[in-house]
Undergrad: 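One structure is given below, represented as structure tokens, and several questions about it will come after.
All residue numbers refer to positions in the sequence shown, counting from 1. Computed from a prediction, not measured in an experiment: that's the story for all the values here.
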Amino acid sequence: APSPTPAPDSTKTVFELDDVTYGQVSPYQELPVGTYVLSMRAADAPDSTPVISTDVQVQQGDANTVVAYGKNDDLQTKAFTDDLQQPGDGKAKLRLVQAATTAKEVDVSTTDGTAIAEDASFGTATRYATVGAGKWSLDVSGSGQRGTAEVDLAGNTVSTLFVLDD
């Protein structure tokens, strides 16, 4: 489970997320400004050596999404800055985090052709696209694979779509 702790010499656990599963997204955690160590351990071995550990810098007023992605033997982490500026009534902002190891690049567009992501590389987050609020069918393609994702975007919201392996 991810367990951010202050860096560099402290071992105090600031918060812990238990039993986080593949594809699961946790709520935001409010943290004081500083550098934290994010460690992930197998759920059945909470005292084990972390399978991955990285420093995360928390800045005043910023919101970040920290993503662990990749195959178990090659896990990576990256922090993406979130733009929580609301887009206004009747609109929604959507970006993509490309975390599918089976596709080097991914394209995502709405059924009316609005691009959400073009050639999004593995381990990256796109800029936000502004779309009308409501239900959307998204066309997802990459590395010879095609699929759709159904999303329902409430007005005046900001969302992230994660592309993952099956």
Side-chain angles (χ1 to χ4, degrees), residues 1-2 4 17 20-29 31 35-42 50-166:
L17 301 172
V20 177
T21 59
Y22 178 74
Q24 184 178 357
V25 178
S26 68
Y28 282 109
Q29 301 290 324
L31 298 170
T35 301
Y36 295 82
V37 177
L38 176 81
S39 299
M40 292 182 68
R41 294 174 174 80
V51 293
I52 194 165
S53 188
T54 190
D55 290 352
V56 176
Q57 182 67 41
V58 174
Q59 302 288 335
Q60 181 67 38
D62 279 356
N64 294 284
T65 296
V66 179
V67 178
Y69 59 97
K71 301 279 185 185
N72 284 342
D73 58 351
D74 191 27
L75 277 176
Q76 301 174 53
T77 58
K78 194 174 286 186
F80 300 108
T81 301
D82 300 339
D83 175 6
L84 300 182
Q85 180 70 40
Q86 295 175 317
D89 292 338
K91 296 179 183 177
K93 288 194 312 192
L94 180 64
R95 73 166 171 192
L96 171 126
V97 170
Q98 204 302 63
T101 62
T102 59
K104 289 183 180 178
E105 294 180 335
V106 171
D107 296 323
V108 177
S109 61
T110 63
T111 50
D112 73 357
T114 301
I116 305 299
E118 294 179 330
D119 301 324
S121 298
F122 177 68
T124 64
T126 64
R127 292 187 170 146
Y128 290 90
T130 301
V131 297
K135 294 182 179 183
W136 287 95
S137 180
L138 302 176
D139 296 322
V140 182
S141 63
S143 296
Q145 303 173 71
R146 300 191 71 76
T148 59
E150 304 297 322
V151 296
D152 190 357
L153 303 171
N156 210 23
T157 61
V158 179
S159 300
T160 299
L161 174 71
F162 291 87
V163 177
L164 305 170
D165 296 325
D166 286 338

Undergrad: To the nearest 0.5 angstrom, please state how far the CD atom of Q145 sits from the CG atom of D165.
TA: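 One finds 8.0 Å between CD of Q145 and CG of D165.
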Undergrad: Any side-chain heavy-atom pair from V108 and L94 closer than 4.5 angstrom?
TA: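 No, every pair of side-chain atoms sits at 4.5 Å or beyond.
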Undergrad: Could you measure the distance from the CD atom of E105 to the OG atom of S143? Nearest 0.5 Å is fine.
TA: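 The OG atom of S143 is 7.5 Å from CD of E105, to the nearest 0.5 Å.
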Undergrad: Which residues pass the side-chain contact (heavy atoms from CB on, under 4.5 Å) test with A129, sequence neighbours left out?
TA: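 For A129 the side-chain contact (heavy atoms from CB on, under 4.5 Å) partners, ignoring immediate neighbours, are I116.
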Undergrad: Test your reading of the model: is there a side-chain donor-acceptor pair from N156 to the backbone of G88, 3.5 Å cut-off?
TA: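 Yes.
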Undergrad: For S159 and V151: C-alpha separation, side-chain torsions, deciding distance, then whether side-chain contact (heavy atoms from CB on, under 4.5 Å) applies.
TA: CA-CA 10 Å; S159 300; V151 296; over 6 Å; no
Undergrad: For D83, enumerate each residue passing the salt bridge (Lys or Arg N to Asp or Glu O under 4.0 Å) test, keeping only those at least two apart in sequence or located in another chain.
TA: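 Partners of D83 by the salt bridge (Lys or Arg N to Asp or Glu O under 4.0 Å) criterion, ordered by chain and then number, come out as K93.
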Undergrad: Specify the closest pair of heavy atoms between T130 and P87, including all atoms of both residues, with the distance to one decimal.
TA: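 In this case the closest contact between T130 and P87 is CG2-CB, 4.4 Å.
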Undergrad: Which atom pair, heavy atoms only, marks the closest approach of P50 to S53?
TA: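 Nearest heavy atoms, P50 then S53: CB-CB, 4.4 Å.
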Undergrad: Identify the heavy atoms of L84 and Y28 that sit nearest to each other, and give their distance.
TA: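 Closest heavy-atom pair between L84 and Y28: CD2-OH, 3.6 Å.
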Undergrad: Hey, does the side chain of Q98 reach the backbone of A117 with a donor-acceptor pair shorter than 3.5 angstrom?
TA: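 Not confirmed, Q98 side chain does not pair with A117 backbone.
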Undergrad: Taking side chain as C-beta onward, heavy atoms only, is D119 less than 4.5 Å from D107?
TA: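 The answer is yes, as the side chains (C-beta and beyond) meet within the 4.5 Å cut-off.
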Undergrad: Which residue is it: D55, T54, V58? I am looking for the one with a side chain to side chain contact (heavy atoms under 4.5 Å, CB included) to Y36.
TA: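 Output: one option passes, namely V58.
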Undergrad: Determine the minimum heavy-atom distance between S137 and E150, stating which atoms define it.
TA: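 It is OG-OE2, 3.0 Å.
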Undergrad: Does Y69 have its ring centroid less than 6.0 Å away from the ring centroid of F122?
TA: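 Under 6.0 Å, so yes.
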Undergrad: Would you indicate whether the side-chain heavy atoms of L153 and V131 approach each other to under 4.5 Å?
TA: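 When only atoms from C-beta onward are counted, L153 and V131 do touch, with a gap below 4.5 Å.
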Undergrad: Ignoring hydrogens and geometry, is there a side-chain-to-backbone donor-acceptor pair from D112 to T114 under 3.5 Å?
TA: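 Between the backbone of T114 and the side chain of D112 there is a qualifying donor-acceptor contact (under 3.5 Å).
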Undergrad: Step by step, work out the side-chain contact (heavy atoms from CB on, under 4.5 Å) result for L75 and V51.
TA: CA-CA 8 Å; L75 277 176; V51 293; 3.9 Å; yes
Undergrad: So V56 and L31, side-chain contact (heavy atoms from CB on, under 4.5 Å) or not? Walk me through it.
TA: CA-CA 11 Å; V56 176; L31 298 170; over 6 Å; no
Undergrad: Could you please spell out the steps behind the side-chain contact (heavy atoms from CB on, under 4.5 Å) verdict for D82 and V158?
TA: CA-CA 9 Å; D82 300 339; V158 179; over 6 Å; no
Undergrad: Scan side-chain atoms only and decide if R95 and T126 contain a donor-acceptor pair under the 3.5 Å cut-off.
TA: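 No.
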Undergrad: Hey, could you give me the CH2/OG1 distance between W136 and T148, rounded to the nearest 0.5 Å?
TA: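 W136 atom CH2 to T148 atom OG1 measures 14.5 Å (nearest 0.5 Å).
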Undergrad: Please say which of N64, D62, T35 ends up in a side-chain hydrogen bond (donor to acceptor under 3.5 Å, both in side chains) with Q57.
TA: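 In the set N64, D62, T35, the residue that makes a side-chain hydrogen bond (donor to acceptor under 3.5 Å, both in side chains) with Q57 is T35.
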Undergrad: E118 and A115: which non-hydrogen atoms are nearest, and at how many Å?
TA: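 Closest approach of E118 to A115: OE2-CB, 3.7 Å.
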Undergrad: Less than 4.5 Å apart, side chain to side chain, heavy atoms only: is that true for L17 and Q24?
TA: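 SC-SC contact between L17 and Q24 ruled out.
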Undergrad: Using only atom types and a distance under 3.5 Å, with no angle test, would you say the side chain of K78 pairs donor to acceptor with the backbone of G123?
TA: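 Yes, the answer is positive, given that a donor and an acceptor are paired below the 3.5 Å cut-off.
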Undergrad: Could you pull out the closest heavy-atom pair between T110 and D139, with the gap in Å?
TA: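 Closest approach of T110 to D139, heavy atoms only: O-OD2, 4.3 Å.
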